Amino acid sequence: MSSKTEDDRAKDYRATLFLPQTEFPMKAGLPEAEPKWLARWESMNLYGRIRDAAKGRPLFILHDGPPYANRDIHSGTGLNKILKDFVVRSQGMLGKDAPYVPGWDCHGLPIEWKIEEKYRAEGKSKDDVPIDRLRRDCRDFATGWIDVQREQFKRLGCMGEWEHPYTTMNYRAEATIAGELHKFVANGLLYRGFRPVMWSPVEKTALAEAEVEYQEKTSPTIYVKFPVVGGRDDDHVEDAAVVIWTTTPWTIPGNRAIAFSKFMDYSVYEISAVQDGAFGTVGEHLVLADALSAQVATHSKITIRKLNTVRNPEDILCVHPFRGQGYDFDVPLLPGDHVTADTGTGFVHTAPGHGEDDFELMLKTFHNYAAENPDAFNIVAEDGSFRAHVPLFAGKRILTPEGKDGDANGAVIKELIAAGKLLAKGSLRHSYPHSWRSKAPVIFRATPQWFAAMDKPFKGSNGKTLRDIAMQAIRDTRWYPAAGANRIGAMVEGRPDWVLSRQRAWGVPLAIFVEKKTGKILDDAEVNARITTAFEQEGADAWFNSPPSRFLGNARNPDDYEQVRDILDVWFDSGSTHVFTVEQPIEPSWPRKDRADLYLEGSEQHRGWFQSSLLESCGTQGRAPYEAVLTHGFVLDEQGRKMSKSLGNTVLPQTIAEKNGADILRLWTASSDFTEDLRIGQDIIKTNVDAYRRLRNTIRFMLANLAGFDEAERIAAEQMPELERYILAKLAELDALVRHGYAEYDFNRVFNALFNFCTNELSAFYFDIRKDSLYCDRVDSARRRAARPVTDEVFRRVVTWLAPILCFTMEEAWTLRFPDDSVHLQLFPETPAEWHAPALIEKWNRIRTLRRVVTGALEIKRRDKVIGASLEAAPVLYLTEQSDADILKGIDFAEIAITSGAHVAAREAPPDAFSLPDVPGVAAMFHHADGDKCARCWMILPEVGRNPSHPDLCNRCADAVGATEAV
RNA sequence: GGGCUCGUAGCUCAGGUGGUUAGAGCGCACGCCUGAUAAGCGUGAGGUCGGACGUUCAACUCGUCCCGGGCCCA
């Protein structure tokens, strides 16, 4: 009975407290809430309002690297766009005008291939379809995926110019790209040459490096004898044969030389015995590398003995194994760096039309080789068959139209046996390049292609080459992390000329004419203007739809010119995006700047977009298109393995957004070190959900204790208790850290600092202490009057600081207090200079250490079931250091320790006092708090019971209740 | 095989120019509170810094090699 009365009375006092009140739910419900925020932002034109507000501020351009418009986004694209959103939002809140124009890469083989597949499914070949129809279908396909990806990116909270993105297939973009190529014509960097390129006989096209993938394949291996017809007498190579090894027998008709290594030893060997099935005969003389002779003997089923060392391999002259059958040329031996001792014979068969190294070696040795020996580059037709003029093998196919092995290898081997030039044959399973679309093997095939010259001084370059200029531009760029400069530098240093042409349909054409008589590229400003104007109005389709006379004009005879029908490498497209997006925007709403402040992509783009943009820009304007480049790592699974469908460990950003909320994915992004590879999986998501809840609850507590906060409550810092001034000092400290962190794109540092602040300073310390004052003090008490504005300051900062990361949740919190506003329209609040107080922070760090000793002492008593709540205690703190005693002067230590009382004794502690090993000179002795429990604030105080009108209250509460009742 | 890069507690991260018992948060265990309550507070147990050799009076921090992961090439 009596306990019920007490309960009722306690209930009554609840009404006299200022308990937290808020609409901000503990449970976020992000998957449902986020789309509503997106709709609200769209209807209020938030992005446009941010642009308006930022007008006149320093421009910060993050130029978007365009994703390819052919599939759903994945973890990598999601990570990339979220990081960009962090950058754009934080730069804006730091006081910059930071627009974001997203873009898409639309041309190229993958989309074209997709459309061809569709045609095939309908029983049509792509040759049955007119090119403008194919291009229209490709355009529609890309448009469809842009729409899909746009919604997926927006769902992740990424903010930008979504209504006016850039695309490489925009008519004005296509015109710009064609115009950029014309600049390469004008300055002399563009040239046509023969070159072995990766060629897919199945697709009948040259492939870019990015378009091939390596798969296991079984190839025939052959050892072939090249008869020696000349050499130094002391080498005793007469009557011998130099032996080569290759996995591509079909390249033997293309052989024109043999490469050897200057760093290997070679000898003449005699076959002393043969086993069954050997092709060699006893007494034959072979030239082999010593390091590989034993291996060759084994593979050839022969026994050999060394006759003498060959001192001058470069003097050896051989003939082709098919000499007398249409292959009547000499085969010289040339030193090559690419010759190694791991497999083969130490001699590398060299077919300049069918290998990169082979081609380089021939041209290094014979500068005009390609021009003087066209037959060496004209052996294989585009479908992978030998041309009609090739002796012995006309019409034989390297690959069937389906991509299987053809009859060419077999035919070559058969003829080698017939000629007595085969030493051995076998097979080898090895990694071999395949087309990433058709999955069929590719070959090296010499084709006429258009190139940008890396090593040729050009008009306006002051004698420098494109490579020189690009290397300098790399040095002039800031790379985050710094190693990026090495990485791209090594690639640019060693890369060959840029192959710009593709024998495809879906892309921007190399919109140029070649004068038939001279072979020169037409460089006529008027013609070029007609071309780009037509592209602007009708798209690049105009190139394929119009008669050449439309561009050549009346002054030129179309019969005198060849219209180039190749299309441009898509990397040239994306390498040109800076021109029409940043430097000369084709859309009026995009701000113009001389160059982008930042490119931000995965580290694989050192080879891709960073490099193509660099070369394009260096070729046309002599410098990089960016001030700085930031790279991120790859998203791996929880074990650090790459994601793959077969492993079933893929995590899609859309899935996380739907299940947990985009803010969780964004929090994961911020909590990871994106400069390295990132891991994600169920457990890691859960960790971030937990972290999210902590942040959310901290903010919820602030909102709840700021209910009805009025500007008039604000008071000056110097009027506040030290505890409040300590929090303000921490805010000042954080302010610098957050600004610096965002400026350096160090989101992880920002997140960690803010999270730890919320946990350690706010939740476990400041709020825990101030709860009593906020709930129980009179409205006009000095403590409460200070705690409310400080909470307000904390709220404004924590919420704006986190807004770039948790863009949805911070908006939810902000609008609860400022309903018609948006947190995303705010700048990071300025910090008053007087808040800075490093000495105060140091002092309070010590106070918190002293507090730990008391907490420890209470924990013992709690464990012993002596007390439960800390308010049951009134400990004594013994301090032997005078400095500690000084620190606590004027501080109510009971308030700090959340006890009902506390005494500070500046003397040696009794032996049974509690102390911490790492805090010498400090000890705490537990004492029960004296008196009765105040029914309102739950403190145990001697005064409770002495006030006749409020017998169950302490003095403070009696006063507070009285004040309330008076109202 | 080559270039670049990473490997600190179960997880996510800190640890300028080498120098006392390697830090934080989360998670976990245990306890408290029940006026932030599918919350809040406290205490505690977990690493010898991927491995092995070196350099040094002294190495997580420098060097070499090895193992494992990643990107880009071949």
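Below, read A as the first sequence line, B as the second, and so on, with proteins coming before strands; counting in each chain starts at 1. Not measured: the values here are computed from a predicted model.
- A donor N or O paired with an acceptor N or O is found under 3.5 Å between the base of B:C71 and the side-chain atoms of A:Arg487.
- The shortest distance between the side-chain N/O atoms of A:Tyr775 and the OP1/OP2 oxygens of B:A36 is below 4.0 Å.
- Applying the Watson-Crick and G-U wobble criteria (two distances, each under 3.5 Å), B:U21 pairs with nothing in any strand.
- Between the side chain of A:Thr22 and the base of B:A36, no donor-acceptor pair of N or O atoms lies under 3.5 Å.
- Between A:Arg696 and B:G40 there is no side-chain polar atom (N or O) within less than 4.0 angstrom of OP1 or OP2.
- Between A:Arg749 and A:Glu744 there is no salt bridge, since no side-chain N of the basic residue sits under 4.0 Å from a carboxylate O of the acidic one.
- Regarding contacts with the backbone of B:C71, a side-chain N or O of A:Lys642 is found under 4.0 angstrom from either OP1 or OP2.
- Under 4.0 Å is where a charged nitrogen must lie from a carboxylate oxygen, and between A:Glu23 and A:Arg700 no such pair does.
- An OP1 or OP2 oxygen of B:G35 is reached within less than 4.0 angstrom by a side-chain nitrogen or oxygen of A:Arg14.
- Counting non-hydrogen atoms under 4.0 angstrom, A:Asn705 reaches nothing in the nucleic acid.
- For A:Asn760 and B:G25, the shortest distance from a side-chain N or O to OP1 or OP2 is below 4.0 Å.
- Under a 4.0 Å N-O distance rule, the pair A:Arg679/A:Asp637 does not qualify as a salt bridge.
- Pairing for B:G27 is absent, with no Watson-Crick or G-U wobble pair whose two atom distances lie under 3.5 Å.
- A close approach under 4.0 Å does occur between a side-chain nitrogen or oxygen of A:Lys865 and OP1 or OP2 of B:C32.
- Between A:Gly484 and A:Asn752, it is A:Gly484 whose nearest contact on RNA chain B lies nearer the 5' terminus.
- Checking the phosphate oxygens (OP1, OP2) of B:G40, a side-chain nitrogen or oxygen of A:Arg694 falls inside 4.0 Å.
- Phosphate contact (OP1/OP2 of B:C13, side-chain N/O of A:Arg749, threshold under 4.0 Å): absent.
- Contact between the side-chain N/O atoms of A:Ser763 and the OP1/OP2 oxygens of B:C41 is found at a separation under 4.0 Å.
- Taking a pair to require two hydrogen-bonding distances under 3.5 Å in either a Watson-Crick or a G-U wobble arrangement, B:U55 remains unpaired.
- Across the P atoms, B:G27 and B:A22 are found 25 Å apart, a figure rounded to whole Å.
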